[in-house]
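One structure is given here, and the rest of the page talks about it.
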Amino acid sequence: MAKNLVIVESPAKAKTIEGFLGKDYVVKSSFGHVRDLVKKGMGVDVENDFAPNYEVQEDKKNVISELKKLSKSAEKVWLASDEDREGEAISWHLSEVLDLDKKKTCRIVFHEITKNAILDAIAHPRDIDQHLVNAQQARRVLDRLVGFELSPVLWRKIKPSLSAGRVQSVAVRLIVDREREYNDFRSVSAFRVLAEFITPRNQSLHAELQNRFPEFGDAEKFLRACDQATFNVENLDIKPGKKSPSAPFTTSTLQQEASRKLGFSVAQTMSVAQRLYESGKITYMRTDSTNLSDLALNTAADTILKMFGKAYHQRRQFRTKSKGAQEAHEAIRPTYLSNPNVEGDAQEKKLYDLIWKRTMASQMSEAQLEKTTVTIGISNSPEKFIAKGEVIKFDGFLKLYIESADEEEQDGAEGILPMTIPGELLNMDHMDAIEKFSLPPARYTEASLVKKLEELGIGRPSTYAPTISTIQNRGYVEKGERDGVKRALRLISLKNHMVKISEKHENTGSDKGKLLPTDIGMVVNDFLIAHFPGIVDYHFTATVEKEFDDIAEGNLSWQNMLKKFYGQFHEQVSQTIENSDRAKTDRLLGTDPNSGKNVYAKIGRFGPMVQIGENTDEEKPRFSSLQAHQRIETITLHDAMELFKLPRSLGSYQQKEVTVSAGRFGPYVKWGDLFASLTKEDNPLSIGIDRAIELIEIKKQKDQDKLIRVFDGNPDVKILKGRWGPYLAHKKENFRLPKDAVVESMSLEDCLKIIGSNSSAKSKAASSKPVAKASAPKKKSTTAKASKGSSKSVKKKK
DNA sequence: CAGTGAGCGAGCTTCCGCTTGACTT
């Protein structure tokens, strides 16, 4: 039996460390937190100094029983969870749950996983820092109080199953606020003038006029005047410049760059990084630190020297800028910096390449630049043309890595300029004035939202990706799917003494992949702002973090901190439940020109819809649901009236009528009893019969492909092909087939037997509560399934 | 999968952070 038990948070880390320590040590993982507030109910005794009611999480029971066994027989237990608030709490919970003897328990920490660091940590053990633990308890309890008191208010005043929390509600607010800025934005246009000049040495020089003309007429007048003008080099300015590399990756910056450069979603980046971490290729991927270990700095230096030479190396240590960073880990970097690439699938290779280059570049020298600006004067006008060039004198880190920016506004300087001499004349080859529209504020992408959250100190490396899923799963936010529309640009060109006016087109307003608030997202957001402004304030987290720090330093008791917060918060909750009306979602759009009745946009039982007439009218109001991209806040009366043109009859196909309509799951065509969904590209208001028939035929084929077997005796029993292989369908219920079933040889009786023994109506009657399924181990109760599914993705709307 | 347009009833929903697998109708 091992003398020493070391407990860390992650199994991959445990494996590595075990290699460093001798056979006297066994290293195990706790798999993160092992104990949490009880799942059911508040789990906090508010009356009794906020006493938390903890329980071992269901999925950690096995872990705990193994650790218990090992710790009882070990001479010494080393708690080696991360050195931050959450890590300290994990150690404390472990010591409580495992009932560790204080005398044989040590708390150790290390920031890098190297043999020296581990041995050093073991040589300097300490006790658990109770202040830090208390800061975590305050954090945990506060989040529970906020989440579990606020959400029920939403159930009562808006609709059931909604949620609110310190992090998610602010994330939604950011997106709602930005969407409104976007909608309020009024684009203006101005004409930018671009010209190509020819130098006396017959080289071409591209330049842009410093000013832009808001008016078409002024632009045209200017071009006509330029036809008569001469141009000269008024000034030539050459300045040295430099560029420095960015810091190595943290979780947030990795997510941003992988999104920009590789097109990865935030969740995708994390899962690929996890695989690289587990196979030992990179360091831990959930970190807010930009630090590199000495070992890493040294190997980087060696590798750069070998690959590029001494001039390219510059040792650097970066300071972390992000708010509330806890720095329990290193930056994300390759484990072995001498490996420029690794084995793995395409995604792993690409992400590794990005991490390797970024890390290496961070240890390389600055790039030296030469920036050139040529000012060109016009004989008959005070306006100036400017040509900008940039030459790289020494590439430095740029040899490896260029960080990309969010907005690709490339007005910047580029390339080398031809030689010019101050005072000399230039020939104008041609000149264009192009209309340019100002851009609305950019909507958030997954990655830019993460960036913003990090700036505000909201959320942690381990929660960025889950937060983005949560706000989408709750239906507060959706990803845009629409291509933009074409917009005409006016263009005036001058060449060979001729002025020509023409039109160009650009694409604008695409929301593909952008985060857009839904109607319910906006309603919930406005409700929270109206009644709980403090909680959804952008700086709420930063403020409470300061107090958590005070607790961690022992200057504030965690119960007092909560008392102060909760008194006021709870009062607001009671007030709101008591006094506020249900959130109103109705918006009056105008009157229906046909009936003279009011037209409303509102959230109905099945989502956003428009309605003609009042609910109280004797004649039932007419309803129609909004299209996916339409919003209550912005839909016009005209667009609403268009929706009432559904259902539309398109004619008939094979003697059956074809109609198009919009249902709960989007627009569809109906033909007999067949329903076929429209694709994103189809518009139900304009779709024609030919396209409808195409969709019907596709759907017919699909249904046929799905059907594997039917039985003569009973048309209700079908074997269908699903995502996970064949399954049995009977009326509205589905059943899984036994593992060893051979579909071809099954009889109707076999199928009926499965249906009979698994039918939900029957099992429900037999046991209203999920009783232990001792009789049939294969059988899964529907309740067990539902709870499993909901923990992963809550998509159920029934 | 399903294609609709509500108010007598019974219990449920929900938070944030720390970690990996399990295994889907």
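We name chains A, B, ... by the order of the sequence lines, and we start the count at 1 in each one.
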So what does A:Q611 touch, heavy atoms closer than 4.0 Å: a base, only the sugar-phosphate, or nothing? nothing
Quick one: do A:K13 and A:D82 make a salt bridge, cutoff under 4.0 Å? yes
With the six-membered base ring of B:dC18 as reference, does the ring of A:F31 sit under 5.5 Å away with planes under 30° apart? no
Checking B:dT13, B:dG5, B:dG17 against the side chain of A:R139 (C-beta onward), the nearest is B:dG17
What's A:Y464 touching, base or sugar-phosphate or nothing? Going by heavy atoms closer than 4.0 Å. nothing
Scan A:E330, A:H329, A:E83 and name whichever one has a side-chain hydrogen bond (donor to acceptor under 3.5 Å, both in side chains) with A:H111. A:E83
Distance check: side-chain N/O of A:R474 vs OP1/OP2 of B:dT14, anything under 4.0 Å? yes
Between B:dT19, B:dC18, B:dC16, spot the one nearest the side chain of A:H33, thanks. B:dC18
Distance check needed: B:dC16 C1' versus A:L150 CG, whole Å only. 14 Å
Among the nucleotides B:dG5, B:dC15, B:dG21, which one has an atom lying closest to any side-chain atom of A:F148? B:dC15
Give a yes or no on whether a salt bridge exists between A:E88 and A:R85, defined as a side-chain N under 4.0 angstrom from a carboxylate O. no
Mind checking if A:A89 touches a base, just sugar-phosphate, or nothing, with heavy atoms under 4.0 Å? nothing
Name the nucleic acid region contacted by A:G165, choosing base, sugar-phosphate or nothing; use a 4.0 angstrom heavy-atom cut-off, strictly under. sugar-phosphate
Considering heavy-atom distances to DNA chain B, does A:S624 or A:G32 have its closest nucleotide positioned more toward the 5' end? A:S624
Any side-chain N or O of A:R286 below 4.0 angstrom from OP1/OP2 of B:dT20? yes
So how far is it from A:I128 CD1 to A:S81 OG, rounded to the nearest 0.5 Å? 8.0 Å
Whole-Å distance between B:dC18 P and A:R85 CZ? 8 Å
Under 3.5 Å, which protein N or O atoms sit close to an N or O of nucleotides 6-9 of chain B? Give each pair with its distance.
| from | atom 1 | to | atom 2 | distance (Å) |
| --- | --- | --- | --- | --- |
| B:dA6 | OP1 | A:K620 | NZ | 3.2 |

Contact class for A:V146 (heavy atom, under 4.0 Å): base, sugar-phosphate, or nothing? nothing
Does the distance from a Lys or Arg side-chain N to an Asp or Glu carboxylate O, for A:R107 and A:D129, drop under 4.0 Å? no
Would you say A:Y284 and A:E9 are linked by a side-chain donor-acceptor pair, where the criterion is simply a distance under 3.5 Å? no
Between C1' of B:dA2 and NZ of A:K670, the distance in whole Å: 12 Å
Is A:K39 close enough to B:dC15 that one of its side-chain N or O atoms is under 4.0 Å from OP1 or OP2 there? no
In whole angstroms, the gap separating P of B:dT14 from CD of A:Q168 amounts to 10 Å
Does A:D82 reach a base, just sugar-phosphate, or nothing at all? Heavy atoms under 4.0 Å. sugar-phosphate
Pick base, sugar-phosphate or nothing for A:K40, based on heavy-atom distances below 4.0 Å to the nucleic acid. sugar-phosphate
Hey, does A:Q136 reach any base, or is it just sugar-phosphate, or nothing, if we go heavy atoms under 4.0 Å? nothing
To the nearest angstrom, how far is A:E545 atom CD from B:dC16 atom P? 14 Å
Any cation-pi pair here, A:R35 with A:W92, using under 6.0 Å and within 45°? yes
Taking any heavy-atom pair under 4.0 Å as a contact, classify A:P11: base, sugar-phosphate, or nothing. sugar-phosphate
Length of the line joining A:R156:CZ and B:dC12:C1', which is rounded to integer Å: 15 Å
Any donor and acceptor pair, going by atom type alone, linking the side chain of A:D519 with main-chain N or O of A:I632 inside 3.5 Å? yes
Within the structure, does a side-chain N or O atom of A:R275 lie under 4.0 Å from either OP1 or OP2 of B:dG21? no
Using the ring of each side chain (for Trp, its six-membered ring), is A:Y54 parallel, tilted or perpendicular to A:H93, with breaks at 30° and 60°? perpendicular
Counting the atoms with a prime plus P, OP1 and OP2 as sugar-phosphate, which does A:R460 contact under 4.0 Å by heavy atoms, base, sugar-phosphate, or nothing? sugar-phosphate
Using a heavy-atom cut-off of 4.0 Å across all strands, would you classify A:L145 as base, sugar-phosphate, or nothing? nothing
Does A:R166 have a side-chain nitrogen or oxygen under 4.0 Å from the phosphate oxygens OP1 or OP2 of B:dG17? yes
Tell me the interatomic distance from A:M42, atom CE, to B:dC16, atom P, rounded to whole angstroms. 14 Å
Under-4.0 Å side-chain N/O to phosphate OP1/OP2 contact, A:S462 with B:dC18: yes
Interatomic distance, A:H570 NE2 vs B:dC15 P [rounded to whole Å]: 20 Å
With the side chain defined as heavy atoms from C-beta on, A:R140 is closest, among B:dC15, B:dT4, B:dC18, to B:dC15
When pairs are called at under 3.5 Å and a stem needs at least three consecutive Watson-Crick or G-U pairs, the stems of DNA chain B are none
Quick note, A:Y284 side chain, CB onward, closest among B:dC18, B:dT13, B:dC15 is B:dC18
Have a look at A:G459 and say if it touches a base, only the backbone sugar-phosphate, or nothing, with a 4.0 Å heavy-atom cut-off. sugar-phosphate
Name of the residue among A:Q57, A:E86, A:K60 meeting side-chain hydrogen bond (donor to acceptor under 3.5 Å, both in side chains) with A:H33: A:E86
Hey, is the side chain of A:T463 poking within less than 4.0 Å of OP1 or OP2 on B:dG17, counting only N and O atoms? yes
Using the closest heavy atom to pick a nucleotide of DNA chain B for each, name whichever of A:S161 or A:Q274 lands nearer the 5' end. A:S161
Any idea which of B:dG3, B:dG17, B:dT19 is nearest the A:Y668 side chain? B:dG3
Can you see whether A:F540 has A:R166 sitting over its ring - NZ or CZ less than 6.0 Å from the centre and within 45° of the normal? no
Syn or anti for B:dC8 (syn when the glycosidic angle lies within 90° of 0): syn
Any donor-acceptor N/O pair, A:R587 side chain to A:Y600 backbone, under 3.5 Å: no
Can you check whether any acceptor in the base of B:dT14 is under 3.5 Å from a donor in the side chain of A:S163, or vice versa? no
Ignoring hydrogens and geometry, is there a side-chain-to-backbone donor-acceptor pair from A:Y476 to A:S163 under 3.5 Å? yes
Pairwise P distance, B:dA2 and B:dT25 [rounded to whole Å]: 15 Å
